[in-house]
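The structure under discussion appears below in the form of structure tokens.
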Protein chains: 2
Amino acid sequence: MRREVTLRDVAELAGVSSRTVSNVVNGYANVTERTRERVQRAVDELGYRPNVLARNLAQGRSGQIAVVVPYLDTPYFSELLQSVIRAARARGYNVLIDQTDGDPEHERAFIAHGSRRLLFDGVIFSPLGLDQQALADRDPALPLVVLGERTSDGGFDHVGIDDVTASRQATDHLLDLGRQRIAAIGDQPYATGEAAQRRTRGFRLAHQARGLVPREDLIISTPRFNRPDGAQAMAHLLDLAEPPDAVFCYSDLVALGAIRTIVSRGLRVPEDVAVIGYDDIEDGAYSNPTVTTISPDKEMIATTAVDRLLLRIASDTPPPGLEMRAPHKLIIRESTAGRTTATA
Amino acid sequence: MRREVTLRDVAELAGVSSRTVSNVVNGYANVTERTRERVQRAVDELGYRPNVLARNLAQGRSGQIAVVVPYLDTPYFSELLQSVIRAARARGYNVLIDQTDGDPEHERAFIAHGSRRLLFDGVIFSPLGLDQQALADRDPALPLVVLGERTSDGGFDHVGIDDVTASRQATDHLLDLGRQRIAAIGDQPYATGEAAQRRTRGFRLAHQARGLVPREDLIISTPRFNRPDGAQAMAHLLDLAEPPDAVFCYSDLVALGAIRTIVSRGLRVPEDVAVIGYDDIEDGAYSNPTVTTISPDKEMIATTAVDRLLLRIASDTPPPGLEMRAPHKLIIRESTAGRTTATA
DNA sequence: CTACGCTTTTGCAGCGCTGCAAAAGACAGC
DNA sequence: GCTGTCTTTTGCAGCGCTGCAAAAGCGTAG
């Protein structure tokens, strides 16, 4: 195999020092037009390409950021990831993706002190829940931005939407429809993270604001936020003596699973049970029925996270941890509003 | 910021040469137990972690493979990716993900000669279509495995399922149901890749084997394989004087979009129109109705691709390009078989 | 006691690049 | 012509590791 072209080769051909070639390649300022041209010609002629590895080693940075998500095949994450990759790429960074399969041990290892040093300059972390142990072990020098979960630890940034308000709006929407027995699927009272708990809080607040008290047996916990969980939880709810007439699901996948169960029992959505989801994944816009949902601004979450992480990477003295809220909105579709198309 | 611990630091503490520390860290053979222990103690005490960048530079490899997909938020790709990442991780490789947004220029750049040298040791490439220009420009020294698309170029491997047979099975299934006017959505007669064309071939073959001729106006081309495309194509089909009573969709997303259109017009699936998809994404198992589909063995595709790529990376003389077939099966669900649950 | 073959350890060079500081040039003013 | 200032170019060291080959250690045999 032919040896690759190096800076030195170019330098020799152009009759300048290798440092000057480096300057040209990197577009540094003080190079005369004459020199630049000569070097450029040599670069072109030899087909020189910088060796990223060597550059990284010399600079002590990798030009890569890691994005850690629990599951890649969850549409919410893959949609978010898509935006993150785009944002990072636009800023000259590559994205290394890691899925933890929801294993807290794996999540921990990722932000632990000294983990895989220098393979990435920083981490965007979307944990299932924020493990306290993980936070304790975390490398304070590792630039970190956390998505979704919140915490009091000040050493990193957090980007997410206002879950409590969003959940309250979702519940309000169901109450506005005149529903009497509203269930919630997705609580995780014992989880380390508190995203689920914030949604439950919003759910309760919406009731309280109208002087209502949610029935505790209608608040269902699920291990994850996927279709099977939703399907199963809904089956349980429909088996109750007094089944719900509306359900607030903590993710669109849960909602899709729940709808599946409702329909397969011969009941109608939303006539018999209205369903609302969370995340606004594409599936929900094309399902039968389409799913009313809370839509977080994923593009905004992604770019904010990337920008903030790069800032953190670039600064010598780590900036204080910031709490950042991306906007969200309620998107009303058939699963609560019914079929709008005439033909039905 | 404290300087990081290096091999040399460990060597000093352990009273050996840095090369010996390297040997211990990498688990090389000829190290006495005594030495190994002493070094290990020093490693632990200082909390030494190898600098991956330096190792890579010295070894001339990056320990990373790139996976190039058109769209990350397409469930088929994200499900596949999940398996690829897992397989690569198990073999000590990291995965760098790149999405091309379907831009052929971008796809080309990725496998082009000298592209981003050394950031990755090889590429698993899942192109929209195999651009001839891209193949011509491709770096022959870059280990490459292509998913889905086939070609006669012998310089790399190909992993996929037998599209023609699978498509024929799908069509047969619809014919077996007694459907008279079967449409196909997803042909791409002018695309550079031929995956879509192979599916159309299978579609035709199934007809021919029964002495039938498919109606040409029922074979619909789409730019991509997503929900909107499916929805739109189906709308067109339903507007025909003689609309189809069954549809073979070239992806589950297309099928979901098509079903959406059918249902929103007040027609029933499968009673009025039977629908079959392709890819077996999770969505199709929880939609209303659930979607009959061709299920490629994604796990097998992923591990085969990774194994083959690593083999290619490891070998000095590139092995000949191989054509590899992963198994697939037909999974029959409600969109062709109707509701099996009693209650409906 | 020396020679020999084997295992274990070492030293050095170098992967290809950039940071730093010094050297060389260019130009103006006295 | 000389000095001082500013711009451009250079040389060197070193990022932290591994490949290679030589050196050292070690046990056995002659």
Side-chain angles (χ1 to χ4, degrees), chain A residues 1-40 42-43 46-64 92 114 116-121 314 316, chain B residues 1-40 42-43 46-64 92 114 116-119 121 316:
Chain A
M1 178 142 25
R2 213 174 71 274
R3 204 178 54 82
E4 298 283 355
V5 181
T6 75
L7 266 192
R8 231 174 301 276
D9 299 329
V10 178
E12 209 160 308
L13 179 61
V16 296
S17 76
S18 65
R19 197 59 184 79
T20 298
V21 178
S22 169
N23 285 339
V24 171
V25 170
N26 292 289
Y28 287 157
N30 293 334
V31 182
T32 52
E33 198 46 46
R34 236 179 71 83
T35 314
R36 181 182 309 282
E37 256 175 41
R38 194 138 45 93
V39 171
Q40 192 57 53
V43 165
L46 296 176
Y48 168 76
R49 296 252 142 195
N51 179 322
V52 193
L53 246 45
R55 173 181 296 172
N56 291 346
L57 178 60
Q59 290 186 149
R61 41 149 268 169
S62 72
Q64 297 187 148
R116 293 212 271 161
R117 202 175 100 214
L118 274 186
L119 242 187
F120 40 79
D121 301 328
D316 303 320
Chain B
M1 178 142 23
R2 211 173 74 275
R3 204 178 55 83
E4 297 283 355
V5 181
T6 75
L7 267 191
R8 229 172 303 276
D9 298 330
V10 178
E12 209 160 309
L13 179 61
V16 297
S17 77
S18 65
R19 197 60 185 77
T20 298
V21 178
S22 169
N23 285 339
V24 171
V25 170
N26 291 289
Y28 286 157
N30 293 334
V31 181
T32 52
E33 199 46 46
R34 237 180 70 82
T35 314
R36 181 184 309 284
E37 256 175 40
R38 194 141 43 96
V39 170
Q40 193 56 55
V43 165
L46 296 177
Y48 168 75
R49 296 253 141 195
N51 179 323
V52 193
L53 245 43
R55 171 181 297 171
N56 290 346
L57 178 60
Q59 291 188 147
R61 40 149 267 167
S62 71
Q64 299 188 146
R116 296 211 271 163
R117 205 175 97 214
L118 276 185
L119 242 185
D121 301 328
D316 302 319

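Proteins come first, then strands; the chains are lettered A, B, ... in the order of their sequence lines, and each starts at number 1. Scope of the values below: all heavy atoms of this structure, side chains included, with no hydrogens, waters or symmetry mates.
- Here D:dG11 is the nucleotide among C:dG11, D:dG11, C:dG14 with the atom lying nearest to any side-chain atom of A:Ser17.
- Side chains of A:Ser62 and A:Asn56: no donor on one and acceptor on the other come within 3.5 Å.
- Computed from coordinates, the A:Asn30 CG to D:dT5 P distance equals 18 Å when rounded to whole Å.
- Place A:Ser18 and A:Val31 on DNA chain D by their nearest nucleotides, and A:Val31 ends up nearer the 5' end.
- Mapped onto DNA chain C by nearest heavy atom, B:Arg19 and A:Leu7 fall at different nucleotides, with B:Arg19 at the one closer to the 5' end.
- In this structure, A:Asn56 places its CG atom 18 Å from P of C:dC15, rounding to the nearest Å.
- A:Asn51 has no side-chain polar atom (N or O) that falls below the 4.0 Å cut-off from OP1 or OP2 of C:dG16.
- If you take CD of B:Glu12 and P of C:dT9, they are 19 Å apart, rounded to a whole angstrom.
- Note: A:Glu12 CD to A:Ser17 OG = 12.5 Å, rounded to the nearest 0.5 Å.
- Between the CG atom of B:Leu57 and the C1' atom of C:dA13 there is a distance of 13 Å, given to the nearest Å.
- The separation between A:Arg55 atom CZ and D:dG14 atom C1' is 18 Å, rounded to whole Å.
- Contact annotation: A:Ser22 side-chain N/O to C:dC17 OP1/OP2 distance is not under 4.0 Å.
- Counting any heavy atom pair closer than 4.0 Å across all strands shown, A:Thr35 reaches sugar-phosphate atoms only and no base atom.
- A distance of 11.0 Å separates CZ in B:Arg36 from OG1 in B:Thr20, rounded to the nearest 0.5 Å.
- The side chain of A:Tyr28 contributes no N or O atom lying less than 4.0 Å from OP1 or OP2 of D:dT7.
- Between A:Arg8 atom CZ and C:dC15 atom P the separation is 7 Å, expressed in whole Å.
- A:Arg19 and A:Asn23 form a side-chain donor-acceptor contact under 3.5 Å, judged by distance and modelled atom types alone.
- Taking CZ of B:Arg38 as the start and OG1 of B:Thr32 as the end, the distance is 8.0 Å to the nearest 0.5 Å.
- Taking the nucleotide of DNA chain C with the nearest heavy atom to each of B:Asn23 and A:Asn26, the more 5' of the two is matched to B:Asn23.
- For the pair B:Gln59 CD and D:dT18 C1', the interatomic distance rounds to 7 Å; values are reported in whole Å.
- Counting to the nearest Å, the P atom of D:dT9 and the CD atom of A:Glu33 are 11 Å from each other.
- A:Thr32 comes within 4.0 angstrom of sugar-phosphate atoms only, judged by non-hydrogen atoms across all strands, and of no base.
- Residue B:Thr6 has no polar side-chain atom (N or O) positioned under 4.0 Å from OP1 or OP2 of D:dG16.
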